[in-house]
Protein chains: 2
Amino acid sequence: MRESSESVGQNTRGEGYLQGLATDLVIFGFHETQLKILLLEYQNTGLLGLPAGFIRDDENLNDAARRTLTQRTGLGDIFLEQFYVFGDLGRHDPQPLRSILIGKGETPPDDHWLLRRFVTVGFYALVGFTRALPNPDALADRCAWYDLATLPPLMLDHTAIVQKALDTLRANLDHKLIGANLLPELFTMNDLQQLYETILGQKMNRSAFQRKMLALGILERLEKRFSGGAHKAPFLYRFVQEESCQTRH
Amino acid sequence: MRESSESVGQNTRGEGYLQGLATDLVIFGFHETQLKILLLEYQNTGLLGLPAGFIRDDENLNDAARRTLTQRTGLGDIFLEQFYVFGDLGRHDPQPLRSILIGKGETPPDDHWLLRRFVTVGFYALVGFTRALPNPDALADRCAWYDLATLPPLMLDHTAIVQKALDTLRANLDHKLIGANLLPELFTMNDLQQLYETILGQKMNRSAFQRKMLALGILERLEKRFSGGAHKAPFLYRFVQEESCQTRH
DNA sequence: TATTATTGTCGCACTGTGAGACAATAAACC
DNA sequence: GGTTTATTGTCTCACAGTGCGACAATAATA
């Protein structure tokens with residue numbers, strides 16, 4: 001395939017890809033009571049942006065997003081879902097991409113396909129923080145986790161895309177098995193509650209939270225964990241595997 | 001603009017439009033206890049399809065969808081929202097479009113832009129049945145309401161698109177003011193309940209439904225209506241206008 | 001051994017909901 | 001005109017879910 005021999009930057013006409021359509025990925029992780037997302041850093045530009053991808057003309061849209069997710073994280077079988085299409089004219093600005101291409105030592109022609117207007121399909125993904133292996137793409141020089149609470153300015157309209165993804169994550173928190181995708185295999189009830197409190201941005205009642213989670217019938221209680229603090233040892237839990245599990249789209 | 005002098009069919013290269021990207025509209029109406037959608041009929045082909053539109057290269061995506069909605073219904077300021085992007089390779093089939101163009105007396109070249117692969121953004125709209133004036137586009141010869149319960153086979157993957165729109169409508173029934181957009185200005189509690197029962201496809205308890213709706217605080221009770229059946233006259237209601245009304249996106 | 005911090009669970013009050021009952025009443029019928 | 005009929009507005013009761021505080025249990029620490 002073309003990508004192996006030249007990057008999407010050198011392929012100045014974007015041959016083999018759908019024109020004017022891209023995917024932007026908001027990849028959520030959770031670590032030490034903080035919600036994080038994966039960002040790409042572009043050398044010599046100071047620019048930060050969401051992992052993005054293009055759709056090959058022999059590829060399904062959702063498959064293209066999953067391919068990009070796998071390339072950035074090393075993980076394939078995790079939660080990934082569309083949440084919104086960003087198609088305003090106002091989001092078109094060739095300057096950041098031109099800077100990025102120049103930063104890579106290229107001299108893009110004015111009609112380079114990456115400098116034209118793009119409509120982008122926003123996807124959000126839920127990733128086990130410790131399992132992911134962040135990996136930059138051909139145009140970036142670093143891929144790293146950033147705290148959502150203290151997010152620096154992002155290129156183009158990516159800040160608005162992140163906000164919309166967070167809104168969607170909050171709205172879907174009770175319907176989709178968000179926890180199963182952001183927590184490690186084993187966790188305590190307190191871990192789960194801290195995840196919920198971080199996503200929703202508000203404190204929750206401890207006993208009510210426990211009752212509600214146990215009533216859902218999706219948690220399996222395991223042995224107690226003897227380690228840590230000067231207090232009673234908490235149970236460990238695991239999400240029960242259902243055949244109707246929503247971990248994949 | 002181009003569209004006024006020639007149709008998207010005669011414009012064989014789709015100049016002035018984004019390539020490979022379209023909108024498909026699922027326009028819901030409600031009449032006599034039946035949920036209905038607007039469909040286009042294509043002459044000499046027997047084909048039925050959703051109203052679709054293209055995005056001009058100087059136009060926002062959402063504006064393009066609203067423009068198409070207005071052209072099909074005569075209505076502009078009504079509920080319209082994205083719900084999913086359909087981008088599988090499997091949905092690409094040039095045959096229906098070729099038949100439609102031939103049915104219009106044209107002889108499309110094999111590389112006609114409408115015969116290439118399209119990714120389509122699905123929108124759903126809520127329309128007051130009596131206010132809409134269905135109006136076909138340049139390729140269709142009729143635009144008419146069809147009962148959702150007895151939907152005939154549709155072209156391409158449009159049946160799946162309708163199903164996904166209905167799923168979204170049901171999921172959003174309690175969050176967005178669906179009723180305000182599908183009912184006439186004045187209505188009875190029974191009208192509202194029948195709308196809910198039709199959308200959800202299940203009977204609901206009468207007194208509980210009334211309690212719930214009144215508790216939402218979005219209904220204004222008006223005078224009673226003296227007309228109709230051999231029974232107590234029901235109150236008329238109206239949705240109160242809030243500044244945060246979700247009738248527009 | 002006593003202290004401390006956290007955990008598992010219970011009780012209580014409040015809210016929302018499903019279900020049935022009953023009076024009120026407008027039209028239809030004799 | 002009186003009676004019947006169907007629908008409406010509202011009430012009560014039971015039950016599930018939730019917010020909030022209290023209490024004992026317990027693992028590490030002093």
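Every chain is numbered from 1 and lettered A, B, ... according to where its sequence line falls, protein lines coming before strand lines.
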Side-chain atoms of B:Ala233 come closest, of D:dT7, C:dA26, C:dT6, to C:dA26
Is any NZ, NE, NH1 or NH2 atom of the basic residue among A:Asp24 and A:Arg91 found under 4.0 Å from an Asp or Glu carboxylate oxygen of the other?
yes
Rounding to 0.5 Å, atoms CZ (B:Phe28) and CG (B:Leu166) come to a distance of 5.5 Å
For A:Ile27 and A:Pro51 the tightest heavy-atom approach is CD1-CG, 4.2 Å
Of all heavy-atom pairs linking A:Trp145 and A:Ala132, the shortest is CZ2-CB, 4.0 Å
B:Met213 CE to D:dT10 P, in whole Å, measures 16 Å
Atom CG of A:Asp191 and atom C1' of C:dT6 are separated, to the nearest Å, by 13 Å
Query raised in the report: Taking the six-membered ring for Trp, are A:Phe79 and A:Tyr124 parallel (under 30°), tilted (30 to 60°) or perpendicular (over 60°)?
Result: tilted
What protein N or O atoms touch nucleotides 9-11 of chain C N or O atoms at under 3.5 angstrom, if any, and at what distances?
{"residue": "C:dT9", "atom": "OP2", "partner": "A:Arg221", "partner atom": "NH2", "Å": "3.1"}

In whole angstroms, the gap separating C1' of C:dA19 from CG of B:Asn205 amounts to 6 Å
May I ask you to evaluate whether B:Asn190 reaches the phosphate of D:dT7, defined as a side-chain N or O under 4.0 Å from OP1 or OP2? no
What one should report as the nearest heavy-atom pair of A:Cys143 and A:Leu40 is CB-CD2, 3.7 Å
Q.
How about CZ on A:Arg170, more than 12 heavy atoms from neighbouring residues, nucleotides or ligands closer than 6.0 Å, or not?
A. yes
Correct closest heavy-atom pair for B:Asp93 and B:Leu156 would be O-CD2, 3.7 Å
Per the under-4.0 Å heavy-atom filter, residues of residues 192-204 of chain A near DNA chain D come out as none
note: B:Lys232, atom NZ; D:dT7, atom P; distance rounded to Å ~ 14 Å
Atom CG of B:Leu236 and atom C1' of C:dA26 are separated, to the nearest Å, by 15 Å
- Message: Could you tell me if A:Gln71 and A:Asn135 have a donor-acceptor pair between their side chains, going purely by distance under 3.5 Å?
- Response: no
Between CG of A:Leu216 and C1' of D:dA16 the distance, given in whole Å, is 14 Å
